[in-house]
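As structure tokens, the structure follows; a few thoughts come after it.
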Amino acid sequence: MSYQDTIKKLEQAALHPAKTVTEQIKETRKDAFGCFPIYTPEEIIYAAGLLPIGMWGGKTELKLADRYLQSFCCSIMRSNIEYGMKGTYNMLKGIILPTFCDTLKCICENWKVAVPQVPIVPIVYPQNRNIDAGFTYIVEELQRVKGELEKRIGKVISSDDLEAAWELYEEYRKTMREFTDVAAEYPHIIGAKTRHLIIKAGYFMDKKAYTRDIRDIIAGLNAEEKKPFAGNRVVATGLLAEPVELLDIFEENQVAFAADDLAQESRQFRTPGRSQGSFFEKMAGRICDQKGDTFLYEEEKTRGQMLIDLVREKKADAVVIFMMKFCDPEEFDYPIYKKELEAAGIPMLYLEIDQQIDSFEQIRTRVQSFTEMLI
């Protein structure tokens, strides 16, 4: 299979998640376990012999979710409740849900009533994660989650399986960091939409096979000739860049992603793990070492400078903010890094998005106008 065929395979995997998960369950002979956004401890799920599946919502008609979530909750969470109540997630043996925001805290209890057929394991990360007590708490919380999973599957998760899962996921994260760097050099092959779908496919596949596919793509790209790119290169930031039709607009206007600070994408793998400590200490260390994320408390607010550094490092032309409607944590951060980007003279395009958007003409006009301003 050529690397272009691998790209097409991953694009289809991301566009048809239910089909992909069903095929993966059959192929791996593993039960699937759901992972609500963000920073679900997938390594523990994998070590348990389960298949971790990302739950990032999607485009669907919202009818049932209104019984439990108000209209001012973000569309990812409303979609997840809708899918759960419709039975889409019945293929899952359970879910793990981190409670980062007010909506997630509500879902933690509502899920038990709305979707009783899919058991839930909550996890709480501390805000003060960079003090000794915060680190210790994360370690103990991860150990509790392991114990909950062991009850669900009826067996003990061995230390060897945990370490093997850690090594696999560290290799996956390293490979993804390499992929995003290499993809940025080939915008004529890896456009904004293709880049997104390749990354998203990893949420629905066994990480071992998926990482092999990404290595094949990297090797294929490195064998290609680099060509000049006449369009604009941007750094994307926000929760996610969906619906996928949004990215068609960027490709139409020759706007490529030089890098991203998206919760669904690079935030998942940009921080390498620590080499010292037990499995749980290394897991906790990744949470403590994560910087510039609105969902993880930072008194010093490093996100603005991080975006500035990314723009300069990648020689990008601008920053595009994908602001998920009703995502309070992301909205709270925006005024802070907006000032910093303005002071650095970096152009910005602010797009308010929702997974249930059905008309894209206004966004198309704004992207077209923005690219004309960058000329």
Side-chain angles (χ1 to χ4, degrees), residues 1-15 54 56 169-205 207 209-272 292 306-307 309-322 349 367 371 374:
M1 182 184 290
S2 70
Y3 86 92
Q4 292 100 332
D5 289 334
T6 304
I7 289 173
K8 291 176 183 175
K9 182 185 82 170
L10 295 185
E11 286 178 324
Q12 290 303 307
L15 288 169
W56 288 86
Y169 270 76
E170 276 295 275
E171 180 62 26
Y172 152 72
R173 288 186 279 264
K174 177 183 175 183
T175 303
M176 294 310 296
R177 291 193 294 271
E178 184 180 353
F179 166 73
T180 54
D181 287 341
V182 172
E185 299 296 320
Y186 297 89
H188 59 289
I189 300 174
I190 308 293
K193 180 179 178 179
T194 299
R195 180 187 186 277
H196 166 73
L197 292 174
I198 290 173
I199 294 173
K200 186 176 180 179
Y203 288 106
F204 313 122
M205 297 175 63
K207 285 297 190 293
Y210 174 75
T211 303
R212 284 198 301 266
D213 285 341
I214 296 298
R215 286 200 208 103
D216 289 344
I217 293 172
I218 292 171
L221 290 173
N222 282 329
E224 294 282 357
E225 179 186 356
K226 294 180 183 178
K227 297 180 180 179
F229 182 62
N232 294 295
R233 291 155 48 86
V234 301
V235 172
T237 188
L239 195 57
L240 49 68
E242 287 187 345
V244 74
E245 291 88 348
L246 282 173
L247 301 178
D248 284 324
I249 297 170
F250 282 83
E251 294 197 0
E252 288 167 15
N253 289 277
Q254 286 194 290
V255 179
F257 285 9
D260 79 87
D261 164 49
L262 295 166
Q264 192 188 30
E265 299 185 17
S266 287
R267 288 187 205 171
Q268 298 296 317
F269 49 76
R270 71 186 179 198
T271 304
M306 184 195 70
L307 289 171
D309 292 342
L310 266 178
V311 168
R312 290 172 177 168
E313 176 191 346
K314 301 297 182 180
K315 297 180 173 58
D317 301 298
V319 170
V320 177
I321 298 108
F322 291 93
L349 173 62
V367 172
T371 56
L374 292 175

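Just so you know, residue 1 is the first one in the sequence shown, and it goes up from there. Hydrogens, waters and symmetry mates play no part in the numbers below; they use all other heavy atoms, side chains included.
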Under the criterion side chain to side chain contact (heavy atoms under 4.5 Å, CB included), I'd like the reasoning laid out for Ile7 against Ile190: C-alpha separation, chi angles, the key distance, then a yes or no. CA-CA 9 Å; Ile7 289 173; Ile190 308 293; 3.8 Å; yes

Before giving the answer on side chain to side chain contact (heavy atoms under 4.5 Å, CB included), spell out for Met176 and Ile199 the whole-Å C-alpha distance, their side-chain angles and the decisive distance to 0.1 Å. CA-CA 8 Å; Met176 294 310 296; Ile199 294 173; 3.9 Å; yes

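Every residue two or more places apart in sequence or in another chain that forms a side-chain hydrogen bond (donor to acceptor under 3.5 Å, both in side chains) with Glu11 is listed here: Thr194. Under the rule for a salt bridge (charged side-chain N to carboxylate O under 4.0 Å, His left out), the partners of Asp248 that lie at least two apart in sequence or sit in another chain are Lys193. For Gln12, the side-chain hydrogen bond (donor to acceptor under 3.5 Å, both in side chains) test picks out His16, with sequence neighbours left out. Residues satisfying the side-chain contact (heavy atoms from CB on, under 4.5 Å) test with Arg177, not counting sequence neighbours, are Arg173, Lys174, Phe269, Pro272. Checked against salt bridge (charged side-chain N to carboxylate O under 4.0 Å, His left out), Glu252 has the following partners two or more places apart in sequence or in another chain: Arg364. Listed by chain and residue number, Phe257, Asp260, Leu262, Phe322 satisfy the side-chain contact (heavy atoms from CB on, under 4.5 Å) test with Ala236 (two or more places apart in sequence, or in another chain). For Thr271, the side-chain contact (heavy atoms from CB on, under 4.5 Å) partners two or more places apart in sequence, or in a different chain, are Arg286, Asp289, Gln290. In this view, Gln4 and Ser2 satisfy the side-chain hydrogen bond (donor to acceptor under 3.5 Å, both in side chains) rule, not counting sequence neighbours. Scanning for side-chain contact (heavy atoms from CB on, under 4.5 Å) contacts around Ala201 gives Leu10, Ala13, Ala14, Met205, Tyr210, with sequence neighbours left out.
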For residues 223-230, run the donor-acceptor check on the side chains, cut-off 3.5 Å, and write out each pair with its distance to 0.1 Å, sequence neighbours left out.
from, atom 1, to, atom 2, distance (Å)
Glu224, OE2, Tyr3, OH, 2.8

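Interatomic distance, CH2 of Trp56 versus CG of Leu240, reported as 6.5 Å (0.5 Å rounding). The structure places CG of Asp216 at 11.0 Å from OG1 of Thr211, a figure rounded to the nearest 0.5 Å. Note that CG of Leu374 and CG of Asn253 are 11.0 Å apart. Values are rounded to the nearest 0.5 Å.
Remark: the backbone N or O of Lys207 is not paired with any side-chain donor or acceptor of Tyr169 at under 3.5 angstrom. For Arg233 (side chain) and Ala184 (main-chain N/O), a donor-acceptor pair under 3.5 Å exists by modelled atom type.
Classification of the Tyr186-His188 ring pair by plane angle, with boundaries at 30° and 60°, yields tilted.
For the side-chain hydrogen bond (donor to acceptor under 3.5 Å, both in side chains) condition, the pairs that include at least one residue of residues 235-247, sequence neighbours left out, are His196-Glu242, Lys200-Glu242, Thr237-Asp261, Thr237-Arg303, Glu242-Gln355. Within the structure, the side-chain hydrogen bond (donor to acceptor under 3.5 Å, both in side chains) test picks out the following pairs touching residues 313-322 (sequence neighbours left out): Asp181-Lys314.
Shortest non-hydrogen contact noted between Val255 and Ala192 is O-CB, 4.1 Å.
For the pair Met1/Lys8, no side-chain contact is recorded, criterion being any heavy-atom separation below 4.5 Å from C-beta on. Under the 4.5 Å side-chain criterion, counting only non-hydrogen atoms from C-beta, Gln254 is not in contact with Thr371.
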